[in-house]
Amino acid sequence: MTAGQWIGQWIGRSLRDPAGVAQALISIGLSRDALFSMVALVTVLSVLMLELGLYLSPADAELLRATPFALTVILGASLLMMVFALQLTGRMLGGTGRFSAALLLVIWWQSMALLIQVAQTATLLLFPPLAGIVTLAGLAWLVFSLLHLVNVLHGFDNLFKALATVVIGVVGISFGLALLLSLIGVTLQGGTL
């Protein structure tokens, strides 16, 4: 089996059974060095994809006036905040998830989000009327998969605890990201709150 076939199988399985993939990924047991290298890789690839999208849509580029380096810092910090938020919030709700497992699952989730972004961009270029449908389907899958990843991570017995973990985590991420953006000097442009 080639590397491409192996990756294709993992992607297909992820789309069909995110909980099963989460269990398989957790059992791999990668080192923290490998995990943080993967965070850097997925962050850089996501920023490159974002920059490509901004290049293809100059009107959106006017809304986002940040350098690629700033975007990399923001996205990387957001991913790490998401890991901490999901891991700590899940623990508060009785979960058993470990940091390294949470980090690996968020990396995989972001990687799948990157693939969805590639599909959205390709659809926008080739079949513009279908781009909205692809975007909504991708968003729905990302929410569905995140709930299952969190459920497996913490060993919850139902998706409602996973949903509570995600909702509380998003609130925490929002505060953390607002603090980060204010520290690096990003302000609201052209209006007041």
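Throughout, residue positions are numbered sequentially from 1 according to the sequence presented. Worth knowing before you read on, the calculation uses all heavy atoms, side chains too, and leaves out hydrogens, waters and symmetry mates.
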Side-chain (Thr89) to main-chain (Leu86) donor-acceptor, under 3.5 angstrom: no

Test item: Trp10 and Leu25 side chains (from C-beta on) under 4.5 Å apart, heavy atoms: yes

Connected via hydrophobic side-chain network under 4.5 Å: Phe175 and Phe84: no

Min side-chain heavy-atom separation Val83-Leu79 under 4.5 Å: no

Nearest non-hydrogen partners of Leu146 and Trp109, listed with the distance: CB-NE1, 3.6 Å

Which atom of Ser46 lies closest to which atom of Leu75, heavy atoms considered: CB-CD2, 3.2 Å

Met38 vs Leu104 side-chain heavy atoms within contact, under 4.5 Å: yes

Leu15 backbone acceptor or donor facing Trp141 side chain under 3.5 Å: yes

Flag side-chain contact, heavy atom, 4.5 Å: Leu71 against Glu51: yes

Whether over 12 other heavy atoms sit under 6.0 Å from Phe99 CZ: yes

Point-to-point distance, once rounded to the nearest 0.5 Å, from CE of Met81 to CD1 of Ile173: 7.5 Å

Donor-acceptor contact below 3.5 Å, side chain Gln87 vs main chain Gly97: yes

Any Leu149 side-chain heavy atom under 4.5 Å of Val106 side chain: no

Test side chain to side chain contact (heavy atoms under 4.5 Å, CB included) applied to Val21 and Met112, Arg13, Arg16, the passing residue: Arg13

Heavy-atom check, side chain of Leu80 versus side chain of Leu103, under 4.5 Å: yes

Heavy-atom check, side chain of Lys161 versus side chain of Asn158, under 4.5 Å: yes

Close side-chain approach of Trp108 to Val42, heavy-atom, < 4.5 Å: no

Hphob cluster co-occupancy, Leu130 + Leu115, side-chain heavy atoms under 4.5 angstrom: no

In one Ile/Leu/Val/Met/Phe/Trp/Tyr side-chain cluster, 4.5 Å: Val39, Ile28: yes

Between CE on residue Met49 and OG1 on residue Thr121, distance to nearest 0.5 Å: 3.0 Å

For Gly90 against Thr165, the heavy-atom pair lying closest together: N-CG2, 3.6 Å

For the student: nearest non-hydrogen atoms of Asn151 and Ala162, plus distance: N-CB, 3.9 Å

ILVMFWY cluster, Met82 and Val73 together (side-chain gap under 4.5 Å): no

Distance, nearest 0.5 Å, that separates OG of Ser14 from NE2 of His148: 12.5 Å

From Leu147 atom CG to Leu142 atom CG, the distance as rounded to the nearest 0.5 Å: 11.0 Å

Closest heavy-atom pair and its distance - Ser100, Leu35: O-CD1, 3.6 Å

Atom pair CZ/CZ of Arg98 and Arg91 - distance to nearest 0.5 Å: 9.0 Å

Heavy-atom closest contact (Pro18 atom, Phe144 atom, distance): CG-CE2, 3.6 Å

